[in-house]
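Each residue takes its place number in the sequence, starting with 1. These numbers come from the heavy atoms of this one structure, side chains and all, not from hydrogens, waters or symmetry mates. Treat the numbers as computed from the prediction; the structure is a model and nothing was measured. Both ligands and their constituent atoms are indexed starting at 1 by order of listing.
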Amino acid sequence: RAKQGRQAMLFYSSDMNQRSLARIKLTTDLHHALARDEFELHYQPQVNAQTGQICGAEALIRWRHPQRGLVPPGEFIPFAEESGLIVQIGIWVFNAACQQMAQWRHQGLGLERLAINLSPRQFGRHLVDELLAVVNQHQLPASCIELEITETLLMKADEDVTATLNALHQAGFSLALDDFGTGYSNLGYLHAFPLDYLKIDQSFVRGLPDNHSNAAIVRAIIGIALNLELQLIAEGVENEAEAQFLASLDCHQLQGYYLAKPMPAADFVNLLQPSERS
Ligand code: C2E
Ligand code: CA
Ligand code: CA
Ligand code: CA
């Protein structure tokens with residue numbers, strides 16, 4: 001049988017072989033990474049567009065690879081989603097982020113919310129119970145956790161997904177729609193879900209205000225969000241011109257390299273202030 005298999009492989013192009021081998025290797029490596037605790041979270045601040053004060057942060061995963069160094073999520077999250085391993089990675093992320101948030105709160109540091117990304121594949125039957133068990137274990141109110149979901153999830157949301165979103169919201173979690181505007185979806189679905197935040201995708205922030213089509217798109221998105229009473233977060237803000245334009249349009253929060261890049265918890269903690277006691 002082994003011989004037959006080897007012969008059959010000759011029919012594939014070697015390029016295809018290599019790619020599927022690389023894929024299998026990556027999947028096993030990701031299993032090992034989970035088992036060996038090689039993932040870590042970096043944190044990027046989200047600031048009030050008017051005052052510049054930090055009001056939240058987004059937790060972003062990285063892979064501390066023993067040979068390759070720090071691997072960005074773009075190089076492994078798509079594979080983790082494809083293979084389904086994102087479900088286990090996702091719960092690792094949620095737990096690690098909550099643990100960090102609980103520690104900051106114990107230290108009396110003023111961070112109102114921590115945003116955590118959820119893949120559509122995590123929306124199974126047990127999601128709400130699992131997430132609640134984790135926040136309870138860390139004695140965190142669900143209200144300090146913002147869950148970032150994607151347009152793809154909403155576009156193909158069935159009754160179960162809708163019920164899960166409602167239950168998460170009911171439990172106190174905030175819901176943010178990530179990468180808004182990239183899904184080519186109609187806007188009709190927006191009010192059908194219990195959303196709290198819209199995150200304007202960084203492709204629309206680029207070149208503001210001189211990029212006229214982006215300026216028009218951003219104005220339109222902000223108009224819709226304000227009408228639906230959603231809070232707005234602009235992503236990927238890289239310079240002062242973009243920041244000023246967004247602030248002038250009453251975008252609530254800004255996130256991007258202009259404010260700060262994602263950084264390890266040990267660095268992020270230096271940006272936080274002890275919260276005032278009254
Ligand atoms: P995202 O959720 O849209 O996260 C924002 C990405 O934009 C991050 O890339 C961040 O580092 C980057 N970014 C922030 N400010 C700027 C800026 O001013 N300019 C530019 N050019 N980029 C900026 P990162 O950390 O490489 O993450 C890439 C994607 O990987 C994320 O996009 C998200 O889709 C996914 N991801 C990251 N962590 C997780 C996770 O824990 N779970 C899941 N399911 N996905 C994750
Ligand atoms: Ca995100
Ligand atoms: Ca995003
Ligand atoms: Ca993105």
Q: Ignoring angles and geometry beyond distance, decide whether Q255 reaches within less than 3.5 Å of ligand 1 through its nitrogen or oxygen atoms.
A: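 In fact, backbone or side chain, Q255 has no N or O that close.
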
Q: Quick test of your reading of the model: are R62 and E40 salt-bridged, counting only N-O distances below 4.0 Å?
A: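 Judged by the 4.0 Å cut-off on N to carboxylate O distance, R62 and E40 do not form a salt bridge.
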
Q: Looking at ligand 1, would H42 count as a contact under a 4.0 Å heavy-atom criterion?
A: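 So H42 does not count as touching ligand 1.
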
Q: Please indicate whether R125 has more than 12 foreign heavy atoms, meaning atoms of other residues, nucleotides or ligands, lying under 6.0 Å from its CZ.
A: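 Open: at most 12 neighbouring heavy atoms sit under 6.0 Å from CZ of R125.
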
Q: Give yes if a backbone or side-chain nitrogen or oxygen of E81 is under 3.5 Å from a nitrogen or oxygen of ligand 1, and no if not.
A: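 So ligand 1 has no N or O lying under 3.5 Å from an N or O of E81.
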
Q: Test of understanding: given a 4.0 Å heavy-atom threshold, classify the contact between V93 and ligand 1 as side chain, backbone, both, or neither.
A: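 Contact part for V93 vs ligand 1: side chain (C-beta onward).
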
Q: Can you name the atoms of ligand 1, numbered from 1 with element, that are less than 4.0 Å from a heavy atom of G236?
A: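 Taking each heavy atom of G236 in turn, ligand 1 has 15 (N), 16 (C), 17 (C), 18 (O) under 4.0 Å.
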
Q: Mark up the atoms of ligand 1 that fall under 4.0 Å of a heavy atom belonging to P73, in ascending order.
A: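 Answer for ligand 1: 24 (P), 25 (O), 26 (O), 27 (O), 28 (C), 30 (O), 37 (C).
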
Q: Give a yes/no answer: is there an N/O/S atom of E235 under 3.0 Å from the Ca ion (ligand 2)?
A: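 For E235, the answer is no, given that no N, O or S atom comes within less than 3.0 Å of the Ca ion (ligand 2).
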
Q: Atoms of ligand 1 less than 4.0 Å from D179 heavy atoms?
A: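 The atoms of ligand 1 under 4.0 Å from a heavy atom of D179 are 3 (O).
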
Q: If you measure only the distance, is there a donor-acceptor pair under 3.5 Å linking the side chains of Q44 and H42?
A: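 Their side chains do not contain a donor-acceptor pair, so the 3.5 Å distance test is not met.
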
Q: Do the side chain of Q50 and the main chain of A247 share a donor and acceptor less than 3.5 angstrom apart?
A: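 Present.
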
Q: Examine D178 and say whether one of its N/O/S atoms is closer to the Ca ion (ligand 3) than 3.0 Å.
A: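 Looking at D178, which is the residue asked about, there is an N, O or S atom under 3.0 Å from the Ca ion (ligand 3).
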
Q: Should one rank F94, Y257, F39, F76 by closest heavy-atom distance to atom 22 (N) of ligand 1, which comes out on top?
A: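 When every heavy atom of F94, Y257, F39, F76 is considered, Y257 comes closest to atom 22 (N) of ligand 1.
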
Q: Using a 4.0 Å cut-off to any heavy atom of E58, which atoms of ligand 1 qualify?
A: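 Atoms satisfying the 4.0 Å criterion: 2 (O), 4 (O).
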
Q: Please examine the side chains of V87 and W92, heavy atoms only from C-beta on, and report whether any two atoms are closer than 4.5 Å.
A: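 No; the side chains remain at least 4.5 Å from each other.
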
Q: Looking at ligand 1, does P262 have a heavy atom less than 4.0 Å from it?
A: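 It does; at least one heavy atom falls under 4.0 Å.
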
Q: Please name the atom of E148, restricted to N, O or S, that is closest to the Ca ion (ligand 2).
A: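 Nearest N/O/S atom: OE1.
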
Q: Out of E235, Q44, R62, who is nearest to atom 25 (O) of ligand 1 when you count heavy atoms only?
A: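 Selected option, by shortest heavy-atom distance: R62.
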
Q: Atoms of ligand 1 less than 4.0 Å from V237 heavy atoms?
A: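 Near V237, meaning under 4.0 Å from one of its heavy atoms, ligand 1 has 18 (O).
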
Q: Can you tell me if NE2 on H191 sees more than 12 non-hydrogen neighbours from other groups inside 6.0 Å?
A: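 Open.
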
Q: Pairing donors with acceptors under 3.5 angstrom, does anything connect the side chains of Q255 and Q46?
A: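 Note: Q255 and Q46 side chains meet the donor-acceptor criterion.
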
Q: Check D201 against ligand 1 and report side chain, backbone, both or neither, counting heavy atoms closer than 4.0 Å.
A: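 None of D201 does.
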
Q: CD/Q122 to CG/L131 distance, rounded to the nearest 0.5 angstrom?
A: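 Here the rounded value is 7.5 Å.
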
Q: Restricting to N, O or S, what is the name of the atom of E58 that lies nearest the Ca ion (ligand 2)?
A: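 In E58, the N, O or S atom with the shortest distance to the Ca ion (ligand 2) is OE2.
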
Q: Under 30°, 30 to 60°, or over 60°: which ring-plane class applies to W63 and F39, parallel, tilted or perpendicular?
A: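 Tilted.
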
Q: Relative to the ring of F268, is the ring of Y43 parallel (under 30°), tilted (30 to 60°) or perpendicular (over 60°)?
A: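 Tilted.
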
Q: What are the two closest heavy atoms between P120 and T150, and how far apart are they?
A: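 Heavy atoms of P120 and T150 come nearest at CG-OG1, 3.5 Å.
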
Q: With respect to atom 10 (C) of ligand 1, which of L60, I116, T182 exhibits the smallest heavy-atom separation?
A: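 The nearest heavy atom belongs to L60.
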
Q: Give a yes/no answer: is there an N/O/S atom of D179 under 3.0 Å from the Ca ion (ligand 3)?
A: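 True for D179.
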
Q: If you measure every N or O of Y258 against every N or O of ligand 1, does any of those distances drop under 3.5 Å?
A: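 There is no such contact.
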
Q: To the nearest 0.5 Å, tell me how far F76 CZ sits from L85 CG.
A: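 It comes to 10.5 Å.
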
Q: Who gets closest to atom 39 (C) of ligand 1 by heavy atom: I61, I149, D178?
A: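 The residue whose heavy atom sits nearest atom 39 (C) of ligand 1 is I61.
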
Q: Looking at D179 and T182, would you say the former's side chain and the latter's main chain have a donor-acceptor pair under 3.5 Å?
A: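 Flag not set: sc D179 to bb T182 has no pair under 3.5 Å.
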
